[in-house]
Amino acid sequence: MEIDRADGRSPNQLRPLSCSRGVLNRAHGSASWAQGNTQVLAAVYGPKAGTKKNEDPEKASVEVIWKPKTGQIGKQEKEFEMVLKRTLQSICILTIHPNTTTSVIVQVVHDDGALLPCAINASCAALVDAGIPLKHLAVAICCCLAESGLVMLDPTKLEEEKMKAFVYMVLPNSILSVLPEESSSVKGEQMDHGLITSVTHGVMSVDDYLHCLERGRAATSKMSDFLRRNLQPRLSSDSSMAG
Amino acid sequence: MGAPNAAGDWSSEMEVDAFRRLFPLCYFERHLSESIRPDARPLKRARDTIVSLGAVASSDGSALAKIGSTTMLAAIKMEVMTPSVDSPDEGSIAVEFHMPPICSPVVRPGRPAEVAPVISKQLFDSLLSSGMIDLKELSLVKGKAAWMAYLDIYCLDADGALFDAALLSAVAAFSHLRIPVVSLNDEGRVVVVSKELEGEKLVKEPVNEERRKLSLNSIPFSLTCILHKNYILADPTFEEESIMETFITVVLNSSGQLVSLYKPGGPVLAHTSAIQECIALTKHRMKELQEIIDEAISIMEVD
């Protein structure tokens, strides 16, 4: 069943992505990520010595500060900070630099839907720019469910508000491997199909949720390619990096 | 049964408590390989749950919920307010989750818990989007007066699965809630009718007759599960949560729909099979919780 999206995209089509790294001078790593009109700027400082009191000193810790575009910091921002912190902690290799803190500051430049996935993508690119050791990259996507049961990817703010429910999901980026496919699968499922993070809003049936997951997985391969292409050329021309 | 690491060499010489403190992950994995947990629960079973209604006498609705040692006290206070212009025939609710220092050694007066505002927001989203409360029932006079329900939840003991216990106590408090009787006074403002005035003749009739209950449909219930390697543990304690950091919280409402599936990062990736198993465990848990709440309501109605 066809539904007309305001900007004429098909249900599976993502908005134009753009990513630029190294936008801030003083930060150790920075990236600006834009998905259509939603734009987020992320800066990474670290690793710095010492951990906060409640954190485990045997591992590195990640601290996230979320700055909204306008208004005071409220519960929504604290929730985003917590989800972002836990997601980034699961992709960083925490045992390499124990007893250090890496700060990630996220500034919302414009919010036009899918804000949290945009911020996760920006933070991931900023971590790469800062040279923080990562296990794998993370790709975040938003998937929304209309009243009619149609699943659409990457909604704008207006679409998000009209929809019955939406899901933010974060998946590891697709594996580009020389090994044959069977060796990287776990119980018949691909290694890169596991879910790192999922946050949902609104009520949906369990089948709808699983359907959204499938659509999101299919779209991550496109985003992973974009991320790889974007990160690649910088490394070879960057003379300050070793190797 | 020698483990090929340093922990294994010590295990035969050390006391159990010392081993538990020094090598917590190894201690837990020894138990998990036998499909049991240190408190003798099978992996998929939740802790004993108790709900008691009417714990706070001065509030309009309250409940105390205990899941194992995790204790939550929820209380609802109703106040009259003017409804917003966009929804003149709807009341509203405000949820606040407090973690006072009594609940955990980690929380100090100058150092509030990071997780408290996050749980507040999640509770608010779950209660509203599950459709449990029809906000139109909270309306008094369209466009002029409506009820605002202030729900405060205090964590008295934080021993893991905080969101589950908080949601259970919130649901129980709402099922205990009795809306106070109000009437319009001379200046046209809505005032609460206190018990002494009920006997005298009132200038105007009360806006609502007796203290009525809210009708609750599609109540949300939740279950937090920990993922660790291939194991799924239901209803973790604080110790389990701090050692195995990946958890999924699934909230289902009584019509079987998914209200929220919350997995905030964590070292273990969730495959579809794990997600489906967590959802199945939550469905099972929902039946247990529904029985417990129904029993608590029937005990209260007998009194």
Side-chain angles (χ1 to χ4, degrees), chain A residues 52-54 56 59 62 64 73-92 94 120 135-136 138 164-165 167-172 185-210 212-214 217, chain B residues 95-97 104-108 111-126 128-131 218 220 227 230 242-243 245-253 255-276 278-280 282-283:
Chain A
K52 292 205 292 201
K53 266 201 150 165
N54 287 342
D56 183 4
K59 294 187 189 161
V62 176
V64 175
I73 295 187
K75 294 181 194 157
Q76 174 77 290
E77 285 72 38
K78 293 280 176 204
E79 190 192 357
F80 284 157
E81 279 179 8
M82 169 150 280
V83 175
L84 196 55
K85 174 182 153 153
R86 297 188 77 119
T87 305
L88 295 179
Q89 272 181 330
S90 65
I91 62 171
C92 293
L94 297 174
I120 294 174
K135 289 182 210 163
H136 51 72
K164 187 167 82 156
V167 182
Y168 296 141
M169 63 188 97
V170 183
L171 295 133
S185 61
V186 171
K187 271 200 235 165
E189 295 182 49
Q190 294 279 70
M191 268 311 290
D192 56 347
H193 283 184
L195 193 66
I196 301 177
T197 294
S198 151
V199 179
T200 70
H201 280 265
V203 183
M204 62 182 94
S205 73
V206 175
D207 293 324
D208 284 337
Y209 177 78
L210 295 172
C212 284
L213 273 193
E214 286 311 311
R217 282 193 184 124
Chain B
V95 180
E96 192 69 43
F97 178 74
S104 153
V106 168
V107 180
R108 298 308 323 145
R111 245 194 303 143
E114 282 184 344
V115 82
V118 178
I119 294 186
S120 288
K121 177 143 194 316
Q122 282 183 285
L123 280 172
F124 181 72
D125 287 341
S126 296
L128 274 191
S129 61
S130 67
S218 52
L227 303 179
N230 293 336
S242 53
I243 298 167
E245 294 165 343
T246 315
F247 65 88
I248 288 191
T249 301
V250 179
V251 183
L252 295 176
N253 68 8
S255 9
Q257 292 193 304
L258 186 73
V259 174
S260 160
L261 194 142
Y262 184 69
K263 177 186 190 292
V268 177
L269 303 178
H271 293 95
T272 314
S273 50
I275 294 177
Q276 281 170 325
C278 289
I279 294 179
T282 311
K283 281 198 180 115

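Below, read A as the first sequence line, B as the second, and so on, with proteins coming before strands; counting in each chain starts at 1.
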To the nearest 0.5 Å, how far apart are [atom1] in [X] and [atom2] in [Y]?
| X | Y | atom1 | atom2 | result |
| --- | --- | --- | --- | --- |
| A:Leu213 | B:Ile275 | CG | CD1 | 5.0 Å |
| A:Tyr209 | B:Leu258 | OH | CG | 7.0 Å |
| B:Thr249 | B:Lys263 | OG1 | NZ | 11.0 Å |
| A:Gln76 | B:Phe124 | CD | CZ | 11.0 Å |
| A:Lys164 | A:Ser205 | NZ | OG | 6.5 Å |

Is the closest side-chain donor-acceptor distance between B:Thr246 and A:Arg86 under 3.5 Å?
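No pair is found: no donor N or O on one side chain lies under 3.5 Å from an acceptor on the other.
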Hydrogens and angles aside, do B:Ser126 and B:Ser260 bring a side-chain donor and acceptor to less than 3.5 Å of each other?
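The answer is no; no qualifying pair exists.
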Pick from B:Ala270, B:Ser129, B:Pro117 with the largest number of heavy-atom pairs that fall under 4.5 Å of chain A
B:Ala270
Most contacts with chain A, counted as non-hydrogen pairs under 4.5 angstrom, among B:Gly256, B:Gly265, B:Gly131
B:Gly265
Against chain B, work out which of [options] has the most heavy-atom pairs shorter than 4.5 Å and name it.
| options | answer |
| --- | --- |
| A:Leu88, A:Thr87, A:Thr197 | A:Thr197 |
| A:Leu94, A:Leu84, A:Asp208, A:Val206 | A:Val206 |
| A:Lys135, A:Met169, A:Gln89, A:Lys78 | A:Lys78 |
| A:Thr200, A:Asp207, A:Asp56, A:Val170 | A:Thr200 |

Using non-hydrogen atoms only, which part of [X] is less than 4.5 Å away from chain B: side chain, backbone, both, or neither?
| X | answer |
| --- | --- |
| A:Met204 | both |
| A:Glu81 | neither |
| A:Val199 | both |
| A:Ile196 | both |

Start with the C-alpha distance between B:Gln276 and A:Leu210, add both sets of side-chain angles, then the distance that settles side-chain contact (heavy atoms from CB on, under 4.5 Å), and finish with yes or no.
CA-CA 9 Å; B:Gln276 281 170 325; A:Leu210 295 172; 3.4 Å; yes
Tell me, for [X] versus chain A, whether the close heavy atoms (under 4.5 Å) come from the side chain, the backbone, both or neither.
| X | value |
| --- | --- |
| B:Ile119 | neither |
| B:Leu261 | both |
| B:Glu245 | both |
| B:Ser130 | backbone |

Please report the C-alpha distance between A:Lys75 and B:Glu96 in whole Å, then the side-chain angles of each, then the deciding distance to 0.1 Å, and finally whether the side-chain contact (heavy atoms from CB on, under 4.5 Å) criterion is met.
CA-CA 10 Å; A:Lys75 294 181 194 157; B:Glu96 192 69 43; 3.4 Å; yes
